[in-house]
Amino acid sequence: MVDVAIVGAGQTPYGNLSLTLKEMWAQAAQKAISSVDNGITTSLIEEAHIGTTSFGGEQLGNTASLMTEHSGMKGISVRRVENACASSGFAFRDAWMTIKSGEADVVIAGGIEKMSDLSPERKRFWLGVSGDTEWERLAGLTFPATYALMARRYFHEFDSNHDDLVHVAVKNHSHGFANEVAHIRKQVSFEKAASGFMVADPLTLYDCCPTSDGAACVVLAADHVARKLSDTPVWVKGSGAASDYLALHDRKSSTEVMASQRAAKKAYSMSGLTSNDIGLAEVHDCFTIAEVMACEDLGFAKRGEGGLFAREGRGIINQGDVAINPSGGLKSKGHPLGSTGVGQIVEAFKQLRNEVEPSRQVRDVEDALCHNVGGSGATCAVHILGREI
Amino acid sequence: MSATECIPLHGHILCLTPSGVLIRSRFILDGDRVHGPDSDYTCLAITGLCALSEESEIKTVQCPSGVDERVINSYGFNTVKENGDWNIVLHKDASLSITRDSSILNSNADDGEEIDGEFYLAMRRAWDEELRSVSQGAYVSEQQYFTGLESRLRLMAQKNGAEYHWPAREDNEEYTTVSLERKGTVESWTKSSAAGSPSEFAFRSPILDGMTTLLLSLEGGVKGVFLLADDDDTTPEIGSDVELVVRKIYAQEGLMRYGLKAHYP
């Protein structure tokens, strides 16, 4: 079966952007296309898979055709992919499968979200729409509160406390400080991160990612085309995806994300790699507790030791066992919901090609993992990328 | 028990008499008995009917205007328009009687706790505003609300052998339906900041300084999430036991939505 590589990747900065949906997408797509080593024209692109939650309701239907119309890809086969915050992780997987199936040789995957242009009232109606509306939302839960329930239970079950989450926040802000596309580029001290105002007890401001605008796009190609288009393609070595109960209360455990474990198992199996082989991981740290649990679910830390992993700095670039969120993660780089998954792939692509800012370049990295979660764990896509196939 | 021997029940005050039950709010404002932050006559009526059903058979109950008949039905009591086996009679204050002959039981008692006047009025205004609000995003339709109401109020679960499912799963084909006990143990909890609650609670959350949600372990190992009732300022503890009582959850597009909330007895 055909191997698939990423030959181009680009994204907008993340943040409160003075760009519209169409402008953001056009910028991300143009950067992805122009990053292809040996050049590519949009006429070669056969399919587009674009992830978005269409936050706020702007262009809820047929989003993908509007985007491709504004990026020189008018007329190709397109679809919008929606799996909450994992939308573009799944868009990437769908794009990869399209090539694997033999249906197309060159496909783009992307993601986009515009979140900053809503009134506060409208924003509140849309935040949390990807949780269980009938039961969780009407019990007063939005995502900070849902993850707060997970965090308190985690502290109860394991040798961990809020200080471990503070270590995650400090690390990710430190990593994101040098990232030119990060939403929040500022270092925070342990003391400051420990004293943020309470958002959902026990999670404070510094435990929560920002809501961001942004778009990201990658160009995937079948091996025989990829080797012509790029001197340094990044190979998709493993892809796994899974789902779980939408509502936290329906799951047996509140301190692990089974969808992550299932998706990771598939991706590791396909790639023939284990967590020990991974040099960097972009993990879905929408809240700091999510990174603690992800480090366990992905095999970087033993069950119950994700807090210890953070405390010991084992995820710090070029110091720890594996660089966790060298981009700054959702916490610092930002979280434009539908863009996040492909944004992680863009980061991994650049890291594997030694193209990021030198101060945050992970040394000698051969393989990277991207972990994209929808909601509080209802969906998850995991991808393993490498310099060699 | 005489009318003067009253007990706390579901966060209200219950007086069981030979003629029926008197149920009243525990909140007092300047000498007047007023409804609690998330309670009304419907909530009082359900508590009264629950207590009464322990002592007497309730074949039918006649509900006056001011009590949501559909909620009483969903809780498991048969309502009729007239000639009820039992009759709910609303008092001028936040209390009601449930008797066979529509008589009003004496409610002149000063038991209860004082509620802050400004807080009380702010909450009343917030509920009124909320009732007029229209969704701009996430939404539970009237149809969906009423379809799930029995499960919401009575914790109607599916039982397959030793395994329980609540809320019910649509793909479960062979099961018996059971009503779970309305009590649970705290698995986890959080208090959202005033600005952190879903939009459905946007009017009240700032007045309440945020809202407390509990993840509870229920009968049969099922779990559920529930708000804390009555603006209780108790700090929950993992492992503590709560009972589940009927309260107003939120209002939207002219419809008050009811459900179970957690209450420390």
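Residue numbers begin at 1 in each chain, while the letters A, B, ... track the order of the sequences.
- For A:His335 and A:Tyr14, the ring centers are positioned 6.0 Å apart or more.
- Counting heavy-atom pairs closer than 4.5 Å to chain A, the top-ranked of the candidates B:Gly148, B:Ala194, B:Ala202 is B:Ala202.
- Interface residue A:Asp250: only side-chain heavy atoms are found under 4.5 Å from chain B.
- Ranked by heavy-atom pairs shorter than 4.5 Å toward chain A, the options B:Val225, B:Leu215, B:Val222 are led by B:Val225.
- Cation-pi geometry between B:Arg257 and B:Tyr145 is satisfied (NZ or CZ under 6.0 Å from the ring centre, within 45° of the ring normal).
- Ranking A:Leu248, A:Thr142, A:Leu149, A:Val129 against chain B, the residue ahead of the rest is A:Leu149, based on heavy-atom pairs under 4.5 Å.
- Contact annotation for B:Ser151: both backbone and side-chain heavy atoms come within less than 4.5 Å of a heavy atom of chain A.
- When the candidates A:Lys252, A:Arg251, A:His156, A:Met198 are compared by the number of heavy-atom contacts under 4.5 Å with chain B, A:His156 comes out ahead.
- Around the CD atom of B:Glu113, the shell of radius 6.0 Å holds more than 12 heavy atoms that belong to other residues, nucleotides or ligands.
- Contacts between B:Phe226 and chain A at a heavy-atom distance below 4.5 Å involve the backbone alone (N, CA, C, O).
- Counting heavy-atom pairs closer than 4.5 Å to chain A, the top residue among B:Gly259, B:Gly224, B:Ser205, B:Gly210 is B:Gly224.
- The shortest side-chain heavy-atom distance between A:Asp297 and A:Glu256 falls under the 4.5 Å cut-off.
- Of all the listed residues (B:Ile249, B:Ile238, B:Leu228), the one sharing the greatest number of non-hydrogen pairs under 4.5 Å with chain A is B:Ile238.
- Of the listed residues A:Ala247, A:Ser254, A:Ala139, the one with more heavy-atom pairs under 4.5 angstrom with chain B than any other is A:Ala139.
- Interface residue B:Tyr139: only backbone heavy atoms are found under 4.5 Å from chain A.
- Neither the backbone nor the side chain of A:Lys123 comes within contact range of chain B; no heavy atom of the residue lies under 4.5 Å from a heavy atom of that chain.
- Proximity to chain B (any heavy atom under 4.5 Å) is shown, for A:Tyr154, by neither the backbone nor the side chain.
- In summary, B:Lys159 and B:Glu163 do not engage in a salt bridge, as defined by a charged side-chain N under 4.0 Å from a carboxylate O.
- For B:Arg152 and A:Trp135, the positive end sits near the middle of the six-membered ring, less than 6.0 Å away and at most 45° from its axis.
- B:His35 and B:Tyr120 have their aromatic ring centers separated by at least 6.0 angstrom.
- Note that CG of B:Leu155 is 5.5 Å distant from CG of B:Leu180, once rounded to the nearest 0.5 Å.
- Ring geometry for B:Phe77 versus B:Tyr75: interplanar angle under 30°, hence parallel rather than tilted (30 to 60°).
- Within the 4.5 angstrom heavy-atom criterion, atoms from both the backbone and the side chain of A:Leu141 approach chain B.
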